[in-house]
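See below for the structure under consideration.
Side chains included, hydrogens not; waters and symmetry mates left out as well; all remaining heavy atoms used. Just so we're on the same page: letters track the sequence lines, and every chain starts at 1.
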There are 2 protein chains.
Amino acid sequence: MPPEPLICTVDLVLLTLQAGQLQVLLLKRDREPFAGALALPGGYVHTGEDQSCEDAALRVLQDKAGLQGLYLEQLATFSGPGRDPRGWSVSVAYLAVVDAGTLDAQGAPVRAAHWRPVDRLPALPFDHGRIIATAVERVRGKSLYSSLPAHLCPAPFTLPELQAVYEAVLGETVNHVSFRRKMGELDCLDAVPGGKRADGAHRPAQLYRLKQEFRQRLRLVGRGLKA
Amino acid sequence: MPPEPLICTVDLVLLTLQAGQLQVLLLKRDREPFAGALALPGGYVHTGEDQSCEDAALRVLQDKAGLQGLYLEQLATFSGPGRDPRGWSVSVAYLAVVDAGTLDAQGAPVRAAHWRPVDRLPALPFDHGRIIATAVERVRGKSLYSSLPAHLCPAPFTLPELQAVYEAVLGETVNHVSFRRKMGELDCLDAVPGGKRADGAHRPAQLYRLKQEFRQRLRLVGRGLKA
DNA sequence: CGAATAGTGTCTGTGAGACATTATCTT
DNA sequence: AAGATAATGTCTCACAGACACTATTCG
């Protein structure tokens, strides 16, 4: 029995932190269906070019947002007869995370694009609302026990800055002593030699960067940030 | 631009516990490619019939193993030009878990099928070895902080029996006091009224069942079984 | 010197694991 | 009664959070 034809795409949930809120990149669709509407960046898998769906997601990230070298992970696959008016479809969704500094440096195509706070989204085509909700849940969950939020923080950063990012993502305050202890155990940060940030009438803070080996993957912690 | 044709299938990693080991169901393929070889059960998505890939996985589970009502979750999606000799393919993989009792009761078609211990697998076609490795990693990971292993234990079961299942999956012993405390906190078990198992010259153990509401989903625990 | 934030030392409460004890069955 | 395993009580150690204190800058 030959396979029945269906539509296979990748969709990308690109998240960043702006104004203390998680924001998602939405692009104006330039073709049907839903031409002109805001939706997640995505596209067909190019079987002649891509070596995997992850490759397709990286290509979408590069072509539609001009970004590369980001943290990227497979989120989940969404499917069904009704989610795309063209017919039965499968979308492999990916989660990517970018910090404001990287966005300024290499994200020219989307710097002025449509970033929307994930907690106040308009109605979206396809099942993109559900895909984003899944992505946000994943990010909040992983923030409890991994270095993921560091990818949302422009490097170099101070520990208080990084803590503020964790707090923005988690939506609650974090004990600063525990936070420092945890970051020490995680052992995923390099202190910038001699690097300090003095931004006021107070003791300046040490600057850090993610260690090279964790730029594109996460460091997990044993027991988590909070009980 | 119309979509480029590709192959879309679902694959099912069905795990059970036999002889104290995680075992995976392999079936002899009845068609090309790899006809006659052992591989994961799977099949094309039937766009006329399935409402989602999960539906397709449930259908495969029913048609090829005669099983229903199991714990099932999406595992990940595997893709690329080389994993299937028919061409560029996408496989949405699902993880299902069954206990020996359910298998005896309704798993007639596969009771005598090919169950293989996940730690000593033969070479498998496609990328099924990698898919199984991902599934096992998921199960072991979730066993640290969820009720998943209870789906591997024929009901009704005693706490010592359930603990033995956790230990078999995790590959290490668990403190029995902590284990009981954790199961109490999880609050996912119902004591069978008056149910005891006396299997020797000693105090009989209380029998339990998974609470109805957790038969097809998991209960997660805060800090995990071990530090 | 005071204000402000960075960073550290130390206490305490909670929870996991170890050990000991009690409970309840068979032979 | 002896032996075996189930189930529970209690001690201890480790870790997360709270609080207090020191450090370093600017004005």
Side-chain angles (χ1 to χ4, degrees), chain A residues 20 143-147 149-150 153 155-168 170-187 189-209 219-227, chain B residues 143-147 149-150 153 155-167 170-187 189-209 219-227:
Chain A
S143 295
L144 286 172
Y145 61 92
S146 83
S147 59
C153 197
F157 46 78
T158 67
L159 284 179
E161 284 166 356
L162 184 57
Q163 178 173 348
V165 170
Y166 271 84
E167 291 175 341
L170 293 173
E172 58 190 352
T173 59
V174 169
N175 179 284
H176 82 286
V177 179
S178 298
F179 181 76
R180 281 160 183 280
R181 248 192 318 240
K182 218 35 130 171
M183 287 301 134
E185 289 167 25
L186 267 180
D187 192 32
L189 300 181
D190 279 327
V192 178
K196 307 268 181 179
R197 171 159 305 156
D199 61 347
H202 53 81
R203 175 173 176 176
Q206 176 64 51
L207 290 170
Y208 297 88
R209 292 180 179 281
R219 184 78 166 204
L220 304 181
V221 64
R223 286 171 84 184
L225 259 185
K226 359 168 294 165
Chain B
S143 295
L144 285 172
Y145 62 90
S146 83
S147 58
C153 198
F157 46 77
T158 67
L159 284 178
E161 284 166 356
L162 184 58
Q163 179 174 348
V165 170
Y166 271 84
E167 291 175 341
L170 293 173
E172 58 189 351
T173 59
V174 169
N175 178 283
H176 81 287
V177 179
S178 298
F179 182 76
R180 281 159 182 279
R181 248 195 315 244
K182 219 30 131 176
M183 287 301 134
E185 289 168 24
L186 267 181
D187 192 32
L189 300 182
D190 279 328
V192 178
K196 308 267 178 180
R197 170 157 306 157
D199 62 347
H202 53 81
R203 176 174 177 176
Q206 176 65 51
L207 291 171
Y208 296 87
R209 291 179 178 281
R219 185 79 165 203
L220 305 180
V221 63
R223 286 171 84 184
L225 259 184
K226 358 168 298 165

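- With the nearest nucleotide of DNA chain D identified for both Asp199(B) and Glu185(A), Asp199(B) has the one nearer the 5' end.
- With rounding to whole Å, Met183(B) atom CE is found 16 Å from dA7(D) atom C1'.
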Heteroatom pairs (N/O) under 3.5 angstrom, protein to nucleotides 25-27 of chain D:
unit_1: dT25(D); atom_1: O2; unit_2: Ala201(A); atom_2: O; d: 3.2
unit_1: dT25(D); atom_1: O2; unit_2: His202(A); atom_2: N; d: 2.9

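- Side-chain N or O atoms of Ser147(B) include one that pairs as donor or acceptor with a backbone N or O of Arg219(B) at under 3.5 Å.
- Legend: residues meeting side chain to side chain contact (heavy atoms under 4.5 Å, CB included) with Arg203(A), ordered by chain and number and at least two apart, are absent.
- Between the two ends of the helix from dC1(C)-dG27(D) to dT27(C)-dA1(D), each summarised by a five-pair axis, the helix axis turns through 10° (rounded to 10 degrees).
- For Arg180(A), taking side-chain heavy atoms from C-beta onward, the closest of the listed nucleotides dA18(C), dA18(D), dG7(C) is dG7(C).
- Between the CD atom of Glu167(B) and the P atom of dG17(C) there is a distance of 12 Å, given to the nearest Å.
- Of the residues near DNA chain D, Arg181(B) and Thr158(B), the one whose nearest nucleotide (by heavy atom distance) lies more toward the 5' end is Thr158(B).
- Judged by distance alone with a 3.5 Å cut-off, a donor-acceptor contact links the side chain of His176(B) to the base of dT8(D).
- Residue Gln163(A) contributes atom CD, which lies 14 Å from atom C1' of dA16(D) at whole-angstrom precision.
- In this structure, the CG atom of Leu144(B) is 14 Å from the C1' atom of dA16(C), given to the nearest Å.
- Looking at residues two or more places apart in sequence or on another chain, you find no side chain to side chain donor-acceptor pair (under 3.5 Å) involving His176(B).
- Between Asn175(B) and dA18(C), a side-chain N or O to OP1/OP2 separation shorter than 4.0 Å is present.
- Here the C1' atom of nucleotide dT5(D) and the CD atom of Gln206(B) are 15 Å apart, to the nearest Å.
- In the set dA6(C), dA18(C), dA18(D), the nucleotide with an atom closest to the side chain of Ala205(A) is dA6(C).
- Between Leu189(B) atom CG and dA7(D) atom P there is a gap of 12 Å when expressed in whole angstrom units.
- Take Arg197(A) and apply the side chain to side chain donor-acceptor pair (under 3.5 Å) test, not counting sequence neighbours, and it matches Glu161(A).
- For Phe179(B) and dT8(D), the CZ to C1' distance is 16 Å, given to the nearest whole Å.
- With sequence neighbours excluded, the residues forming a side chain to side chain contact (heavy atoms under 4.5 Å, CB included) with Ala155(A) are Phe157(A), Arg209(A), listed by chain and number.
- Listed by chain and residue number, nothing satisfies the side chain to side chain donor-acceptor pair (under 3.5 Å) test with Gln206(A) (two or more places apart in sequence, or in another chain).
- Not counting sequence neighbours, Asp190(A) has no partner by the side chain to side chain donor-acceptor pair (under 3.5 Å) test.
- Rounded to a whole Å, the OH atom of Tyr208(B) is 12 Å from the P atom of dA6(D).
- Here the side chain of Pro160(B) is nearest to one of dA7(D), dG7(C), dG17(C), namely dA7(D).
- Not a single salt bridge (Lys or Arg N to Asp or Glu O under 4.0 Å) links Glu167(A) to another residue, sequence neighbours left out.
- Here the straight-line distance linking atom OG1 of Thr158(A) with atom CD of Gln163(A) works out to 9.5 Å at 0.5 Å rounding.
- We find the CE-OH distance between Met183(B) and Tyr166(B) to be 3.5 Å, quoted to the nearest 0.5 Å.
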